[in-house]
Amino acid sequence: MSLSNTATITWFFACKVEDVPANGGVCVKYRDEQIALFHFSRRGEWYATQNLCPHRRQMALSRGMIGTQGGEPKVACPFHKKSFSLADGRCLSDDTECSLTTYPVKVEEDRVYIGIVNGSGHAAVMA
Amino acid sequence: MTKIVIIGNGMTSYKFCEKIIAKAVPGTLQLVVFGEEPRPAYDRVHLSAFFSGKTAQDLELAPADWYAQQGITLHLGDPVQHIDRAQKTVHSHKGITETYDYLVMATGAAAFVPPIPGVDKKGVFIYRTIEDLEMIRDYAPHAATGAVIGGGLLGLEAAKALLDLGLRDTHVIEFAPRLMPRQIDDSGSSLLKAQLEKLGLRVHTSMQTTAILGDDTITGLQFADDSSLPADILIISAGIAPRDELARLCGLDTGHRGGIVVNEQLQTSDPYIYAIGECALYNGMIYGLVAPGYEMAEVVASQLTGTEKAFTGFDMSTKLKLIGVDVASFGNPFTPADQCRSIVFEDTLKGVYKRINITPDGQHLLGGILIGDADDYNMLLQTAKNKVVLPPNPEDVLLGARGGQAEGAAGVLGLPDEATICSCENISKAAICNAVKDGHETLDAVKKCTKAATCCGGCAPMVKDLITATLKSQGKYIRNVLCEHFDYSRQELFDLIRIKNLYSFDEVLDHYGHGDGCEVCKPAIASILASLWNEMILAKGNDTAQDSNDRFLANIQKGGTYSVVPRVPGGEITPRQLMVIAQVAEKYNLYTKITGGQRIDMFGAHVNDLPLIWEELIAAGFESGHAYGKALRTVKSCVGSTWCRFGLHDSVSYAIRIEQRYRGLRAPHKIKSAVSGCIRECAEAQSKDFGIIATEKGWNLYVCGNGGSKPQHAVLLAGDLDSETCIRYIDRFLMFYIKTADPLTRTATWLNKLDGGIEYLRNVVVNDSLGIAAQLESEMQALVDNYKCEWKEVVENPALRKRFSHFVNAPEEKDPTVSFEHLREQKKAAEWK
Ligand SMILES: Cc1cc2nc3c(=O)[nH]c(=O)nc-3n(C[C@H](O)[C@H](O)[C@H](O)COP(=O)(O)OP(=O)(O)OC[C@H]3O[C@@H](n4cnc5c(N)ncnc54)[C@H](O)[C@@H]3O)c2cc1C
């Protein structure tokens, strides 16, 4: 994915590439927050969103299944199968549902970093 | 506003309401219905289904609130006692008086009880209402020997009910020299008798009952030839008596053998009063079937909404299944020999008898009788009714064209457009084909749109044929493709994956799909792979193609914790194992509950704790229960002959054997099973995907039952099997289901959609009609041989174990947002927000 690499992003080390299952997700702890990190290896892409599914407020998206809908990468929550775009976080199955906060990801060597804009990544818990 | 009062709320009354509501301009009619029975009209035709598990509510033609929604006033449990024709009012038992513009009498008939001394004794019943059946059901456990007076349609049905209630010694007593004297001939009757006797009924023809023996309670029957028969329960089913007592009271014309006299308009001798259904006497005849009653309802509903229509008699052809034996008669089965040619086919071994009468010139079909195999009934009936010209060898209509000629315009397609396909609802071939052309392309859709096949269901196969033929003629071919990533149905993919030897979701996607998959195709294909190869489901990158529950081998619950269910085969568990479960549950602070499948479920486990919990369970000999998978769940059992004084066989041992055979078997949906040790059926096997019930001679195998939101009783696939054969049939059945069902389709729905239904399934599984039985068995054996407990593999494999943490960068920490609330002595998940 393309990143707008501006000075206001703080990158933190999440995990090694091998820690994330191919075409799946893991949950990353950042301070008191939970971020879902996905390796869409089939497309050679990485995504990160809040781990909280806004529908029933469950910390579950990292355990969701990823895939595409009309070419758009998405994750489906394991609880009620609500789908969210991995690219911009909007809910694909229900217009009225809140969007997810998304985070930039970068990989250097075998290390995966998640970017926090302006050093404040509170959205994951507050959403 | 016209006010119509209807007396009686039986089948015809309901149909009348339905039809007149559909025809009337809204707001122009007021309808008031009085019913004597305590519940709204129900399906009396399928009354006996009450004994095979249907509830009174299942049998309802429409719920009470349907009447309210239609603006119909319904007084139940309140018979009309008096009609004042001068004032045009009716008066009910509870004291209600209603005026009417028109009165419709739909009072039906009562069972005719011949004046035999002793009919008032305890243990003597009739067979007409749900209450009758409730009383029979409650009395039957006290009885060992059953008798039915009457060997007609209803009597044989009552006899079957007694057999079903466990009275193995059941006798049918018929006055006439043959069974069903009004429908079938002597040869047909003797064949039917032989078939019924094979099934355990004793049939006595030419027997006149002279007394019912016993003090207060029946002990037996006395016959005119001085013989007698012991019996503890008797059902009298010797015909019907039209309910014309009200009509008599108010001076309407009635027949001297009963029935309210009506003309072609179905008016009684008072033009403001109509009579329809079994109480009406038209042209000297009572019509004791539902279809003519519905036609009468149609005629009166039309007239009262301004369309001329007349009743001119009705074809009394019938087809029914008596104790599993098809019996049908159509047209005129008794045309004298000098006015027709008869063609008879008889196979005493298979128990099939067919006779058709054709015109002397061989051109047209007049009528006939089918026993043992009535699949062609509707076709033949329509051929007779529509005077379709017969093929050059008329026997072809009985035996099918032999000699390899093309079928031509035979079958349902050869019928004219106006041919009636559904005779209960009077729906023509054209109406059905047009519905299909308008986009109602499934049987369900056509049923909803036209009402065809909604009553007796006998025409469903013809309707299906018409749907397929119409779609074909439009160049359509129906297929259920999986999702946007695969243009194949599950069944097609199953075959393709097997032939190409593919083992991972990505391989399958590369070969047969496009795009990147989704939450629909991933688990569907993961399930196919598991059903085909039975490999560790988390290997080969398939972990992330599994549904979340399968991916973590546990059931995700509210709040994001998991529940854990170890396998307890057959529900048998040792005190030692119980202690281990107790220790584990206390140690990991789990809520425990007994499941419906005779196991113990432990809730509230953190994902991090799952491998630790399983390590302890496995050390104590437990295995995964696959409660999280679309897989075999449990094989429930009753305690069986090892302890139970009624048990016929050791149901627990057999359940354990079966559960261990199919444990871990992945399928399109979950599979449940049960084994009962006797007909009391304590394990509820008939509500399972496959259920087994002990019989004196072996096991009965039932398939495709379902509990859940749409309960459905399992149907008998094969009876009196030995243990080995039963397992072979289960192998074939399960494998055939696994190979052909759509994703997430339980066996019950699968069967409902299967062309040819249970007959087809039985042919494939029992008679090996597709020649694949051996293959199915060996495929199943391969899966059985490949079984491993997947939790054992995870516990022993550090790479797999590593996936069971909440935070990838803090594996020891648990999800801090998980919270529980206190409930009784235990805990529960915090409520959704
Ligand atoms: C066991 C069984 C199996 C059958 N199988 C078949 C079959 O396979 N095929 C087939 O075509 N037919 C079958 N029949 C016959 C079919 O059920 C009847 O033809 C049909 O029910 C007749 O409908 P009806 O409305 O005329 O009478 P009913 O359905 O009997 O309804 C009449 C109603 O009027 C009520 N009533 C009577 N007097 C009063 C009053 N004064 N005030 C208020 N209410 C009153 C009665 O209590 C009853 O509820 C079967 C019947 C039975 C009993």
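Just the heavy atoms: all of them, side chains too, but no hydrogens, waters or symmetry mates, feed the values below. Residue numbering restarts at 1 for every chain, and letters A, B, ... go by the order of the sequence lines.
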Please identify, among B/Cys483, B/Gly515, B/Gly559, B/Gly541, the residue contributing the most non-hydrogen atom pairs under 4.5 Å to chain A.
B/Gly559
Let me confirm one number: the CE-OG1 distance from A/Met59 to B/Thr817, rounded to the nearest 0.5 Å.
5.0 Å
Tell me, side chain or backbone of B/Val818 under 4.5 Å from chain A's heavy atoms, or both, or neither?
neither
Derivation and outcome, side-chain contact (heavy atoms from CB on, under 4.5 Å), residues A/His39 and B/Thr544
CA-CA 11 Å; A/His39 186 193; B/Thr544 51; over 6 Å; no
Between atom CG of B/Asp516 and atom NZ of A/Lys74, what is the distance when rounded to the nearest 0.5 Å?
11.5 Å
Taking the side chain as everything from C-beta on, heavy atoms only, tell me whether B/Arg551 gets closer than 4.5 Å to A/Pro21.
yes
Is B/Lys802 close to chain A through its backbone or its side chain, or both, or neither, when contacts mean heavy atoms under 4.5 Å?
side chain
Highest number of heavy-atom pairs under 4.5 Å with chain B: which of A/Gly64, A/Gly70, A/Cys27?
A/Cys27
Verify, without hydrogens or angle tests, whether B/Asn809 (side chain) and A/Lys29 (backbone) share a donor-acceptor contact under 3.5 angstrom.
yes
Okay, A/Ile66 and chain B: the region with an atom under 4.5 Å from a heavy atom over there is both
Given heavy-atom pairs under 4.5 angstrom as the criterion, report whether the side chain, backbone, both or neither of B/Glu813 touches chain A.
side chain
Pick one of side chain, backbone, both or neither for B/Phe552, based on which atoms fall under 4.5 Å of a heavy atom in chain A.
side chain
At their closest point, which heavy atom of B/Phe807 faces which heavy atom of A/Val28, and how far apart are they?
CD2-C, 4.0 Å
Side chain, backbone, both or neither: which part of A/Val75 has an atom under 4.5 Å from a heavy atom of chain B?
neither
Is the shortest distance from a Lys or Arg side-chain nitrogen in A/Lys81 or B/Asp547 to a carboxylate oxygen in the other one below 4.0 Å?
yes
Contact part of B/Asp506 toward chain A, heavy-atom cut-off under 4.5 Å: side chain, backbone, both or neither?
both
What is the distance from atom OH of B/Tyr562 to atom CZ of A/Arg63, rounded to the nearest 0.5 Å?
4.0 Å
Per-residue contact mode, A/Val26 against chain B (heavy atom under 4.5 angstrom)
side chain
Proximal to chain A - members of residues 519-534 of chain B, heavy-atom separation under 4.5 Å:
B/Glu519, B/Lys522, B/Pro523
If you measure from CD1 on B/Ile556 to CD on A/Gln58, what distance do you get to the nearest 0.5 Å?
7.5 Å
Given that the side chain runs from C-beta out, which part of A/Ser41 has a heavy atom under 4.5 Å from chain B: side chain, backbone, both or neither?
neither
Counting only heavy atoms from other residues, nucleotides and ligands, does the tally under 6.0 Å from NZ of B/Lys558 exceed 12?
yes
Rounded at 0.5 Å granularity, tell me how far CG in B/Asp815 sits from CD in A/Gln34.
4.5 Å
Checking heavy atoms, do the side chain of A/Ala76, its backbone, both or neither come under 4.5 Å from chain B?
side chain
Can you establish whether the number of heavy atoms outside A/Glu109 located under 6.0 Å from its atom CD is more than 12?
no
Using non-hydrogen atoms only, which part of B/Asp543 is less than 4.5 Å away from chain A: side chain, backbone, both, or neither?
side chain
Side chain, backbone, both or neither: which part of B/His485 has a heavy atom under 4.5 Å from chain A?
side chain
What part of A/Lys16 lies closer than 4.5 angstrom to a heavy atom of chain B: side chain, backbone, both or neither?
neither
